[in-house]
Participant: 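Here it is, the structure in full.
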Amino acid sequence: MFAIFILLGFGYSWISLLFSYAVIYLLYLFLEISSSICVYIYLGSFPEERKFYLKNIWMIFLLLFYNLLCSFIRCVGIINASTTTTTWQGINIIQEGQQVNQIIKKDIRQLLKRKNYDD
């Protein structure tokens, strides 16, 4: 979705971009309707669920906007990841094993204290 601004910079017209987005929306809508038909068929043995599904079928027209929101969040994440420096803060297998052993020993000590307290 955000490529529209880049494509405008490359000289594409608004009309061709809006037309392409309209076609993409219609194709997306076709896929959602096809998927909804399959779900409706699968729900043949469940009349209550089928009725509930039919009541909420109008939501397939809003899924494009949901995907737009998700693409915006992804874009922000990509920008955030590309502008911050990251470091790998992993530990090796020996250090990880030592941490696991410490946690297990601590848990055992707490269990023994609890058992002694209960007695």
Side-chain angles (χ1 to χ4, degrees):
M1 183 66 188
F2 297 101
I4 190 169
F5 301 112
I6 296 170
L7 293 174
L8 284 173
F10 284 136
Y12 288 88
S13 70
W14 275 99
I15 296 170
S16 63
L17 291 175
L18 290 177
F19 179 74
S20 65
Y21 276 105
V23 169
I24 289 170
Y25 178 74
L26 291 174
L27 289 172
Y28 178 76
L29 195 59
F30 171 74
L31 287 174
E32 284 301 319
I33 290 171
S34 301
S35 175
S36 296
I37 291 170
C38 288
V39 169
Y40 185 76
I41 291 170
Y42 284 132
L43 290 176
S45 303
F46 307 98
E48 287 184 34
E49 285 80 5
R50 197 177 210 186
K51 187 176 178 182
F52 175 79
Y53 188 75
L54 282 178
K55 274 185 174 169
N56 296 308
I57 198 84
W58 59 270
M59 287 187 202
I60 64 172
F61 297 101
L62 298 177
L63 288 175
L64 173 71
F65 302 110
Y66 171 75
N67 285 334
L68 175 67
L69 177 68
C70 289
S71 68
F72 175 74
I73 293 170
R74 275 189 235 116
C75 182
V76 169
I78 290 169
I79 291 170
N80 187 29
S82 64
T83 58
T84 59
T85 57
T86 57
T87 58
W88 185 262
Q89 297 180 354
I91 58 174
N92 64 25
I93 190 74
I94 294 171
Q95 292 171 330
E96 192 167 339
Q98 290 171 345
Q99 287 180 353
V100 168
N101 285 336
Q102 288 174 353
I103 291 171
I104 291 172
K105 287 177 186 177
K106 180 183 168 191
D107 288 346
I108 290 172
R109 277 189 238 119
Q110 287 179 350
L111 285 173
L112 291 175
K113 282 182 185 177
R114 201 176 283 169
K115 182 181 177 190
N116 291 336
Y117 181 74
D118 291 339
D119 289 339

Participant: CD/Q99 to CG/N101 distance, rounded to the nearest 0.5 angstrom?
Facilitator: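 Rounded to the nearest 0.5 Å, the CD-CG separation comes to 10.5 Å.
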
Participant: Should we say atom CG of L112 is surrounded by more than 12 heavy atoms from elsewhere, each under 6.0 Å from it?
Facilitator: yes

Participant: From E48 CD over to K51 NZ, what is the distance, rounded to the nearest 0.5 angstrom?
Facilitator: 8.5 Å

Participant: Looking only at non-hydrogen atoms, find the nearest pair between S13 and S16 and report the distance.
Facilitator: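 Closest pair (atom of S13, atom of S16, distance): O-OG, 3.0 Å.
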
Participant: Show every donor-acceptor pair shorter than 3.5 Å between a side-chain atom in residues 25-42 and any protein atom, with sequence neighbours excluded, or say none if there are none.
Facilitator:
{"residue": "Y25", "atom": "OH", "partner": "F61", "partner atom": "O", "Å": "3.3"}
{"residue": "Y28", "atom": "OH", "partner": "N67", "partner atom": "ND2", "Å": "2.7"}
{"residue": "S34", "atom": "OG", "partner": "F30", "partner atom": "O", "Å": "2.9"}
{"residue": "S36", "atom": "OG", "partner": "E32", "partner atom": "O", "Å": "2.8"}
{"residue": "S36", "atom": "OG", "partner": "Y53", "partner atom": "OH", "Å": "3.1"}

Participant: Distance check, rounded to the nearest 0.5 Å: L18 atom CG versus S20 atom OG?
Facilitator: 7.5 Å

